[in-house]
A.B. asks: 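Here it is, the structure, as structure tokens.
Reminder, nothing fancy here: chain letters follow the sequence lines and each chain counts from 1.
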2 protein chains.
Amino acid sequence: MERRDLHGRDASTRDRPARDAPDARDRPDLAGVPPLARITLGTQVYDALRDLLIAGELAPGERLSLRTVAERLGTSMMPAREAVSRLVADEALEVLPNRAVRVPVITLGKFRELTRVRIAVEGFAAAEAARACRPDDLAVIRGHDAAFRHEVRADAPDLERAMRANRDLHFAVYAAAGLPSLVAIVEGLWLRIGPVLNLDMRSSPRRLAEGGAAAHHARLVAALAVGDAEGARAALAADIAGSAAFIETTGRLAP
Amino acid sequence: MERRDLHGRDASTRDRPARDAPDARDRPDLAGVPPLARITLGTQVYDALRDLLIAGELAPGERLSLRTVAERLGTSMMPAREAVSRLVADEALEVLPNRAVRVPVITLGKFRELTRVRIAVEGFAAAEAARACRPDDLAVIRGHDAAFRHEVRADAPDLERAMRANRDLHFAVYAAAGLPSLVAIVEGLWLRIGPVLNLDMRSSPRRLAEGGAAAHHARLVAALAVGDAEGARAALAADIAGSAAFIETTGRLAP
DNA sequence: TGCCGTGATCTGTGATCACACTTAGGCTGG
DNA sequence: CCAGCCTAAGTGTGATCACAGATCACGGCA
């Protein structure tokens with residue numbers, strides 16, 4: 001049970017960059033200096049929990065406690081509260097009538113519903129990506145694709161790395177569509193299926209290679225390269241449907 | 001400046017129903033008694049602000065203050081904090097590097113992006129609705145359609161009622177698709193375009209009748225009635241594109 | 001032996017205080 | 001008369017306390 005400390009508790013260094021913000025606003029023609037993302041403790045806790053969720057390190061049904069989360073991450077209860085509130089709003093966590101917080105247990109019906117929505121939304125993103133994809137976007141995508149293929153073909157596949165490569169590949173495609181709000185929507189969906197998807201995937205490693213994931217990815221990349229929107233959509237839909245079908249066969253989903 | 005009091009501060013009455021929850025779980029065959037939604041002050045503040053936003057009563061660029069919101073709604077600062085945090089997470093509000101909270105100013109580019117995403121997502125929802133629509137769903141939809149048509153044709157159109165009828169019509173269609181997570185996504189989108197959309201609509205009333213909204217709605221309802229998925233999608237896409245084009249002509253959007 | 005009341009403990013929620021920071025307004029010094 | 005500082009009010013963020021309700025185990029009654 002390692003203890004990540006989010007503090008960097010020297011607030012003077014943490015908030016330092018913000019002091020330049022007024023300058024940047026007074027002289028908007030000053031290059032560089034992007035809007036300067038706010039990094040509060042609450043946001044950091046949110047990101048930490050978020051990563052745990054989509055990595056499947058928090059199992060469905062697992063319970064959380066504000067005080068435990070706070071202590072584990074080295075903060076007080078307040079940032080944990082904010083983080084959990086946001087995740088509950090995203091339906092990535094749920095708080096029962098008992099006031100207990102846990103990661104939701106997805107039913108089979110809900111899983112199928114999410115899969116249909118994913119195919120529609122992510123399929124659209126892939127199609128748009130095929131239209132808007134630029135050479136450097138494609139290069140990044142190919143990089144992640146190669147990493148994934150390399151990992152699943154290895155003698156001792158590193159599942160964590162493989163899943164991360166898969167995720168990076170998908171989101172690189174979605175980012176190439178040039179619709180940030182769409183990417184945010186997809187992130188919300190992944191946040192909800194992450195636990196069940198990655199958890200089951202972890203339980204049966206070799207399925208990763210057997211499933212047609214690599215083949216679907218290859219078709220996807222090929223379609224993107226030639227600007228074939230419908231081809232990209234179909235390839236991505238097949239990829240999603242394939243992994244969903246596998247999850248269903250494990251039968252671990254609640255009725 | 002009326003003062004809505006969210007308290008009902010008699011906690012004993014507010015939380016009373018929860019006491020039946022354990023019984024309902026122990027005897028699951030006990031009819032009625034759905035899971036019993038939690039209603040915290042934070043959630044109520046969230047809903048209040050949310051309604052203000054999608055009704056366009058909070059103009060883009062308008063600033064909010066936690067303490068002001070709290071006082072106005074008759075609570076302390078904590079529930080206001082949670083509500084604002086959630087809305088910021090939804091990108092329905094934003095907090096500047098100065099730590100000032102305001103409703104975001106949408107740029108023209110962002111507006112077009114959101115419109116494209118809306119056409120894709122809501123169009124899909126309409127198509128699914130055409131497949132899954134049941135007679136009683138259709139009846140509800142027709143009711144809202146009639147209300148909207150009646151309102152825009154009146155001599156003295158009540159804009160607020162018209163916009164609400166329009167919103168109810170749209171969401172009745174999306175609900176008919178039977179994909180709750182999709183409805184949640186669309187709500188997030190409406191939360192972000194609500195301010196600019198409804199604000200501009202309010203500034204020029206008669207456009208409501210001139211715009212083809214009623215005609216698009218008619219085509220939409222007709223398509224739903226016969227299960228024509230692509231027809232429904234097209235009608236809804238035209239509706240969205242129409243109102244978006246009108247908004248752009250007002251030229252009020254930031255470059 | 002089986003069951004129900006009852007207490008300690010832990011939960012999320014709300015209120016309040018403390019703090020660093022921003023911002024606007026009034027004052028002083030030129 | 002204007003530019004400059006500089007105080008005072010107001011901001012979100014984080015910590016801490018208070019509290020009602022839930023959970024669970026122990027102990028006593030039937």
A.B. asks: Rounded to the nearest 0.5 Å, what's the gap from CD1 on A/Ile141 to CZ on A/Phe171? Could you check?
C.D. replies: 13.0 Å
A.B. asks: Calculate the interatomic distance between A/Arg99 atom CZ and D/dA20 atom C1'; express it in whole Å.
C.D. replies: 6 Å
A.B. asks: Which listed nucleotide (C/dA18, C/dT13, D/dG14) is nearest to the side chain of B/Thr40?
C.D. replies: C/dT13
A.B. asks: Would you indicate which nucleotide in C/dT23, D/dT13, C/dT13 comes nearest to any side-chain atom of B/Met77?
C.D. replies: D/dT13
A.B. asks: Quick one: which of C/dG14, D/dT13, D/dG12 gets closest to the side chain of B/Ser65?
C.D. replies: D/dG12
A.B. asks: In whole angstrom, give the distance that lies between atom CD of B/Glu62 and atom P of D/dT11.
C.D. replies: 14 Å
A.B. asks: By side-chain contact (heavy atoms from CB on, under 4.5 Å), which residues pair with B/Arg81, not counting sequence neighbours?
C.D. replies: A/Met78, B/Leu66, B/Met77, B/Met78
A.B. asks: If I take atom CG in residue B/Leu96 and atom P in nucleotide C/dC21, what distance separates them, rounded to the nearest angstrom?
C.D. replies: 18 Å
A.B. asks: Rounding to a whole Å, what distance do you find between B/Arg102:CZ and D/dG12:P?
C.D. replies: 14 Å
A.B. asks: State whether A/Arg86 and A/Glu82 are salt-bridged, where the test is any N-O pair (Lys NZ or Arg NE/NH1/NH2 against Asp/Glu carboxylate O) under 4.0 Å.
C.D. replies: yes
A.B. asks: Base, sugar-phosphate, or nothing for A/Val95, non-hydrogen atoms under 4.0 angstrom?
C.D. replies: nothing
A.B. asks: Check if the side chain of B/Arg81 and the base of C/dG14 share a donor-acceptor pair of N or O atoms closer than 3.5 Å.
C.D. replies: no
A.B. asks: Could you state the atom-to-atom distance from CG of A/Leu66 to P of D/dT16 in whole Å?
C.D. replies: 15 Å
A.B. asks: Please report the interatomic distance NE2(A/His144) to CG(A/Asp168), rounded to the nearest 0.5 Å.
C.D. replies: 4.5 Å
A.B. asks: To the nearest Å, how far apart are B/Glu71 CD and C/dT16 C1'?
C.D. replies: 16 Å
A.B. asks: Tell me the interatomic distance from A/Leu41, atom CG, to C/dC19, atom P, rounded to whole angstroms.
C.D. replies: 17 Å
A.B. asks: Hey, does B/Val101 reach any base, or is it just sugar-phosphate, or nothing, if we go heavy atoms under 4.0 Å?
C.D. replies: sugar-phosphate
A.B. asks: For residues 47-62 of chain B, tabulate all N or O donor-acceptor pairs below 3.5 Å that involve a side-chain atom, not counting sequence neighbours.
C.D. replies:
residue	atom	partner	partner atom	Å
B/Arg50	NH1	B/Tyr46	OH	3.2
B/Arg50	NH2	B/Glu187	OE1	2.9
B/Glu62	OE1	B/Ala59	N	3.0

A.B. asks: Select one nucleotide: of D/dT11, C/dT16, D/dT16, the one nearest the side-chain heavy atoms of B/Arg67.
C.D. replies: D/dT11
A.B. asks: Under 4.0 angstrom, heavy atoms only, what part of the nucleic acid is A/Leu64 near: base, sugar-phosphate, or nothing?
C.D. replies: sugar-phosphate
A.B. asks: Rounded to the nearest 0.5 Å, what separates atom CZ in B/Phe246 from atom OG1 in B/Thr249?
C.D. replies: 5.5 Å
A.B. asks: Taking NZ, NE, NH1 and NH2 as the nitrogens, is one of them in B/Arg116 or B/Glu113 under 4.0 Å from a carboxylate oxygen of the other?
C.D. replies: no
A.B. asks: For the side chain of A/Met78, starting at C-beta, report the closest nucleotide among D/dG12, D/dT16, C/dG12.
C.D. replies: D/dT16
A.B. asks: As a test of reading the structure: which of C/dG12, D/dA15, D/dT11 is closest to the side chain of A/Ser76, going by heavy atoms?
C.D. replies: D/dA15
A.B. asks: Distance check needed: D/dG14 C1' versus B/Glu82 CD, whole Å only.
C.D. replies: 16 Å
A.B. asks: According to a strict under-4.0 Å criterion, is B/Asn98 in side-chain N/O contact with OP1 or OP2 of C/dT23?
C.D. replies: yes
A.B. asks: So for the helix from C/dT1-D/dA30 to C/dG30-D/dC1, with five pairs setting each end axis, what is the inter-axis angle to 10°?
C.D. replies: 20°
A.B. asks: Can any side-chain N or O of A/Thr43 pair as donor or acceptor with the backbone N or O of A/Ile39 at less than 3.5 Å?
C.D. replies: no
